[in-house]
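Structure first, commentary second.
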Amino acid sequence: MKYQKLNNGVEIPMLGLGVFRMEDEKVAYNSVRKAIDLGYRHIDTAKVYENEEPVGRAIRESGISREELFVTTKLWNEDIANDNAAKAFETSLKKLGLDYVDLYLVHWPIKDKYVSIWKEMEKIAQSGKARAVGVSNYQENHLQKIVDLRSLMPAVNQIELHPYLSQQPLVEFCTQHNIHVESWSPLCANKNNLLQEQSLNEIGEKYSKTAAQVVLRWNIERGLIVIPKSSNPIRQAENLDVFDFELTVEDMQLIDALNKDLRVGPHPDEVGF
Ligand SMILES: NC(=O)c1ccc[n+]([C@@H]2O[C@H](COP(=O)([O-])OP(=O)(O)OC[C@H]3O[C@@H](n4cnc5c(N)ncnc54)[C@H](OP(=O)(O)O)[C@@H]3O)[C@@H](O)[C@H]2O)c1
């Protein structure tokens, strides 16, 4: 596993397990337990995934000390709209059964709330119950409003990012402001035949790796934190096994060239929350 240091010094494992679409309690619990057994140390959940309780239980019962695990959860849109961050955060902690999270994110940019919600996040950071705070799905224009506050900078911006949506300008903006980027749906949610792409498979053959492993490695080599979801132990192990090979500059360029600004999720500026 590789780690990165966030802008407040907190270390984050560069690859974590995403647990979206694991509403089934048993699936969520077993997936997190198995992933931790395999060596995952970073789990990405959210209030809206409706699995904080089994995810937290799996973390507590994993046998791995809390300090070794990096846990993220997120503030959902209705709580942003209703200025309910403090209460929602406490509810998430309670459901997880944890004293603190490592990262708490504003899930989506909600119109007219960018600044007020960030001030609430600053208070949560000051409480010490979130080791780092950040945002998700923020575009440059949303981030700029936080930059202009000249106060606490988000540690992370978690955005949709895969070879069909490489997000280079937004990644550069974040890098300039020392905000780490996390890639969600890094495998394009296994849609649009990304993993059938010929170039990804040809690159994989050179290193005896799958297309999914090539895509995850491309993230790591761009310095991005990546959170693939799998509830299948074989694919969980496959996704974790990306730290023993390196892509060449030519490989990276071939993967970069797949970009077509194609989203599997909503565009943050068009989302009707
Ligand atoms: N902040 C946000 O707004 C936001 C939005 C979406 C997602 N996320 C986060 O990002 C995480 C990942 O995104 P995602 O779940 O949408 O998509 P993803 O990780 O790109 O893809 C998950 C899909 O790919 C399959 N898969 C996993 N590993 C594979 C492999 N090695 N080979 C082939 N198929 C594989 C999974 O099936 P199996 O489970 O059957 O393996 C699942 O169907 C989420 O779980 C969540 O934590 C955040």
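Counting starts at 1 for both ligands and their atoms, in listed order. The analysis underlying the following values was restricted to heavy atoms, covering all of them including side chains, and did not include hydrogens, waters or symmetry mates.
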If you define the side chain from C-beta out and look only at heavy atoms, does anything of [X] sit under 4.5 Å from [Y]?
X      : Y      : result
Arg41  : Ile36  : yes
Leu161 : Pro186 : no
Tyr164 : Leu194 : yes
Glu68  : Ser65  : yes
Arg222 : Met252 : yes
Thr45  : Lys74  : no
Ile220 : Phe243 : yes
Phe245 : Arg217 : yes

Heavy-atom contact check, 4.0 Å cutoff: does Ser231 meet ligand 1?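 Yes, Ser231 has heavy atoms under 4.0 Å from ligand 1.
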Record the part of [X] in heavy-atom contact with ligand 1 below 4.0 Å; permitted values are side chain, backbone, both and neither.
X      : answer
Ala212 : side chain
Cys188 : backbone
Thr210 : neither
Arg21  : side chain

What atoms of ligand 1 come within less than 4.0 Å of a heavy atom belonging to [X]?
X      : result
His107 : 1 (N), 2 (C), 3 (O)
Gly18  : 11 (C), 44 (C), 45 (O), 47 (O)
Pro228 : 19 (O)
Asp44  : 9 (C), 46 (C), 47 (O)
Trp108 : 3 (O)

Identify, for [atom], the protein heavy atom at the shortest distance, and state residue, atom and that distance.
atom                    : value
atom 44 (C) of ligand 1 : Phe20 CB, 3.4 Å
atom 19 (O) of ligand 1 : Lys229 N, 2.8 Å
atom 13 (O) of ligand 1 : Ser185 N, 3.0 Å
atom 3 (O) of ligand 1  : Asn137 ND2, 2.9 Å
atom 20 (O) of ligand 1 : Leu187 N, 2.7 Å
atom 5 (C) of ligand 1  : Trp184 CD2, 3.2 Å
atom 12 (C) of ligand 1 : Ile227 O, 3.1 Å
atom 46 (C) of ligand 1 : Tyr49 OH, 3.4 Å

Looking only at distance, does [X] have an N or O less than 3.5 Å from an N or O of ligand 1?
X      : result
Val19  : yes
Gln158 : yes
Ala189 : yes
Lys74  : no

Parallel under 30°, tilted from 30 to 60°, perpendicular over 60°: which one fits the rings of [X] and [Y]?
X      : Y      : value
Phe173 : His177 : tilted
Tyr114 : His142 : tilted
Trp76  : His107 : perpendicular

Would you please say whether a donor-acceptor pair under 3.5 Å links the side chains of Asn82 and Glu78?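 Asn82 vs Glu78: no donor-acceptor pair found between side chains.
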Please determine if Lys129 and Asp99 form a salt bridge, counting it only when a charged side-chain N lies under 4.0 Å from a carboxylate O.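 No, no charged N to carboxylate O under 4.0 Å.
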Return the option from Ser136, Ser31, Ala46, Pro268 holding the heavy atom at the smallest distance from atom 1 (N) of ligand 1.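 Residue with the shortest heavy-atom distance to the ligand atom: Ser136.
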Should we count CD of Gln176 as having more than 12 external heavy atoms under 6.0 Å?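 Count over threshold, so yes.
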